[in-house]
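Here's the structure, in structure tokens; my notes come after.
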Amino acid sequence: MNKNKLEYRLRIAPSPTGYPHIGTVYQALFNYAYAHKNNGKFIVRIEDTDRTRLVNDAEEVIFSALDWVGLFEDESPRKGGEFAPYRQSERLEIYHKYAQELLDKGLAFFDYYPKTDATGKKKDYSAVAKTATEHTDIPPAPATVSDMLKSQDWVLRMKVPDEGTITVTDGIRGKITFDYKQVSKQILLKSDGYPTYHLGVVVDDHLMQISHILRAEEWIPSLPKHVLLYQYFGWEMPVVYHTATLRNPDKSKLSKRQGHTNVNWFREEGYLPDAILNYLALLGWSHPEEKEIFSLQEFIEKFDLNDIRPIAPIFDLTKLTWMNQQYIQNMSDEELVRALKRFYANDPDISHTIELLETNSNSKNLIWGLVKTRMEILKQFKQLAGHFFQEIPVEKSEMNKQIAQSLEKSLTDIDSWNNENILSSLKQILLNYKIKMPVLYTIFTGEPKGLPLPESLVILGKDKTLARVRKYL
Ligand code: GLU
């Protein structure tokens with residue numbers, strides 16, 4: 001652990017470059033859980049030093065996603081904390097100081113990197129890892145970092161030994177050896193004065209006294225550079241754990257082209273935050289008693305960093321959806337009503353339906369019984385139950401008119417308005433017209449499928465059912 005050896009301090013360090021990614025929530029969950037397990041702190045640092053990839057509201061949407069799943073941080077740009085600022089773009093002077101330290105120690109060097117190439121084209125210095133040697137008339141190198149910043153034609157790179165190997169340790173995979181020939185002389189400070197990820201992450205993890213680093217395996221290749229930098233500064237390095245990349249069921253890397261990766265998508269579909277966290281916890285970890293459904297609190301108690309497995313976890317939407325359904329079924333009616341109200345807050349019709357459901361005790365139990373057991377995600381509520389209290393769209397056609405005439409006749413004749421009688425009426429109509437259930441569903445509910453139709457019509461009542469049928473006449 002880090003020098004104070006007192007506190008567990010874990011962090012995520014997202015870059016605000018787009019929509020809130022499910023992988024960020026995954027990392028947040030494991031870091032949060034381990035911090036909380038050990039009465040430590042969970043920190044969110046915003047790594048916004050790649051100015052070319054910044055997206056305006058990306059920081060905001062990251063926090064909104066974390067709030068939604070309930071992984072609240074202890075320190076961050078918005079919360080502040082002992083080690084503020086937590087946004088890297090506000091820490092440039094700090095990086096300049098440490099860049100100068102490496103230069104003074106002879107462990108970093110300036111590389112000529114003019115803003116534009118010979119044709120006047122702007123260079124993307126952030127992407128370049130090799131030393132630029134193609135220049136012939138190189139001006140004298142700056143003497144200090146602040147001179148470098150004035151000219152903006154230079155970058156600062158780290159020195160890397162030419163020969164030999166370096167062995168690094170990953171908490172999940174053990175020792176990994178790299179040949180120095182594979183390790184680039186990484187740019188640490190770009191000519192615009194911003195650090196690259198590598199300088200920023202090492203300096204900040206050290207200064208913010210991060211005790212354990214847990215992040216995605218895509219950063220393993222950076223590890224030798226980071227280990228070297230820790231050595232150069234003479235700092236003790238935290239243990240680093242790299243989780244395996246989330247995969248689609250076909251084993252390809254989870255990407256937005258193949259699956260859903262935007263947290264907002266899950267939110268809009270009506271997945272429950274608790275179900276999402278439960279599902280993510282099982283990717284790369286398993287409950288010691290092989291349990292599938294457990295709370296965040298239970299995860300915090302049972303989880304250990306050393307139990308993470310390096311095998312690539314499959315993100316399977318079908319499984320998550322199943323889990324979501326389990327969560328819905330296990331909710332009390334009151335909890336479900338609350339969740340639905342939040343979910344449909346911007347949909348006045350359906351909010352109204354939910355309120356009616358709450359107050360109309362006659363149909364309430366029946367509907368809850370029918371809906372609750374069938375709803376996988378909250379979005380389906382509207383499709384399943386919306387029509388009970390709403391005008392339904394009426395699609396007039398000759399065919400519908402004829403069916404409606406027959407329906408009116410046979411339903412009017414029913415004396416005892418119950419499942420059995422309604423069902424036999426409907427069956428007869430299906431046979432006579434050689435049609436399938438979706439046609440009848442659409443006539444009665446405006447949707448091609450839904451709750452069992454006879455039960456639904458019992459709830460709706462004979463008068464309302466007939467009134468719907470008559471709209472087609
Ligand atoms: N800024 C990096 C990212 O966007 C952080 C990687 C790390 O956790 O060190 O993923």
Side-chain angles (χ1 to χ4, degrees), residues 2 8-35 41-55 58-63 65-66 71 73 75-77 83 85-92 94-95 126-127 168-173 176 186-188 190 194-230 235 237-246 253-256 261-263 280 284 305 308:
N2 218 322
Y8 284 70
R9 294 176 54 80
L10 289 96
R11 52 59 166 189
I12 56 166
S15 296
T17 54
Y19 61 82
H21 199 283
I22 194 76
T24 302
V25 172
Y26 179 60
Q27 294 299 331
L29 171 65
F30 283 67
N31 278 285
Y32 174 98
Y34 201 61
K41 293 272 158 46
F42 170 58
I43 296 138
V44 178
R45 182 173 68 232
I46 296 292
E47 299 204 330
D48 58 346
T49 59
D50 186 347
R51 308 307 283 176
T52 59
R53 292 178 60 220
L54 275 195
V55 169
E59 181 179 323
E60 214 178 295
V61 299
I62 289 169
F63 281 115
L66 292 174
L71 297 177
E73 79 282 9
E75 299 168 24
S76 71
F83 303 94
Y86 292 90
R87 199 179 281 120
Q88 289 190 322
S89 58
E90 293 164 18
R91 301 172 62 80
L92 297 187
I94 300 171
Y95 309 123
S126 60
V168 301
T169 306
D170 170 72
I172 298 170
R173 291 165 184 76
I176 312 171
Q186 177 66 50
I187 295 179
L188 298 177
K190 298 179 278 185
Y194 282 85
T196 54
Y197 160 67
H198 308 278
L199 180 63
V201 78
V202 168
V203 167
D204 286 346
D205 283 341
H206 173 72
L207 293 181
M208 295 179 182
Q209 299 182 6
I210 299 305
S211 60
H212 300 72
I213 296 173
L214 176 74
R215 65 181 163 213
E217 72 183 338
E218 60 179 302
W219 300 106
I220 289 179
S222 303
L223 211 47
K225 295 173 199 171
H226 298 185
V227 172
L228 272 180
L229 287 173
Y230 275 94
W235 296 336
M237 185 165 179
V239 191
V240 192
Y241 298 77
H242 291 93
T243 58
T245 306
L246 301 182
K253 186 179 166 192
L254 188 67
S255 70
K256 67 173 165 192
T261 55
N262 186 340
V263 177
L280 290 177
L305 277 186
I308 298 180

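Note that these values count all heavy atoms, side chains included, but never hydrogens, waters or copies made by symmetry. Order of appearance sets the numbers: ligands from 1, and atoms from 1 within every ligand.
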Ligand 1 versus Q27, non-hydrogen atoms closer than 4.0 Å: side chain, backbone, both, neither?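 Under 4.0 Å from ligand 1, Q27 contributes no heavy atoms.
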
Mind telling me whether Y26 and F30 have parallel, tilted or perpendicular rings, with 30° and 60° as the class edges?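 The rings of F30 and Y26 stand perpendicular, inter-plane angle above 60°.
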
Parallel, tilted or perpendicular: which describes the rings of H212 and Y8, with under 30° parallel and over 60° perpendicular?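 It falls in the parallel class, under 30°.
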
Step-by-step side chain to side chain donor-acceptor pair (under 3.5 Å) determination, Y197 to E47: CA-CA 8 Å; Y197 160 67; E47 299 204 330; 5.4 Å; no

When you measure from [atom] to every protein heavy atom, which one gives the shortest distance, and what is it?
atom	result
atom 4 (O) of ligand 1	S15 OG, 3.2 Å
atom 8 (O) of ligand 1	R11 NH1, 2.5 Å
atom 9 (O) of ligand 1	Y197 OH, 2.6 Å
atom 1 (N) of ligand 1	E47 OE1, 2.6 Å

Go through the structure and list residues passing side-chain contact (heavy atoms from CB on, under 4.5 Å) with R51, not counting sequence neighbours.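 Once residues adjacent in sequence are excluded, the partners of R51 under the side-chain contact (heavy atoms from CB on, under 4.5 Å) criterion are D48, L54, S89, D192, Y194.
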
Would you mind listing which atoms of ligand 1 come within a distance below 4.0 Å of any non-hydrogen atom of V201?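 Ligand 1 atoms under the 4.0 Å threshold to V201: 9 (O).
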
Between K41 and E73, is the closest basic N to carboxylate O distance under 4.0 Å?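 Salt bridge between E73 and K41, a charged N being under 4.0 Å from a carboxylate O: no.
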
Can D204 and R11 be counted as an ion pair, charged N to O under 4.0 angstrom?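 No, D204 and R11 are not salt-bridged.
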
Among A13, G200, P16, closest by any non-hydrogen atom to atom 2 (C) of ligand 1: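 Answer by nearest heavy atom: A13.
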
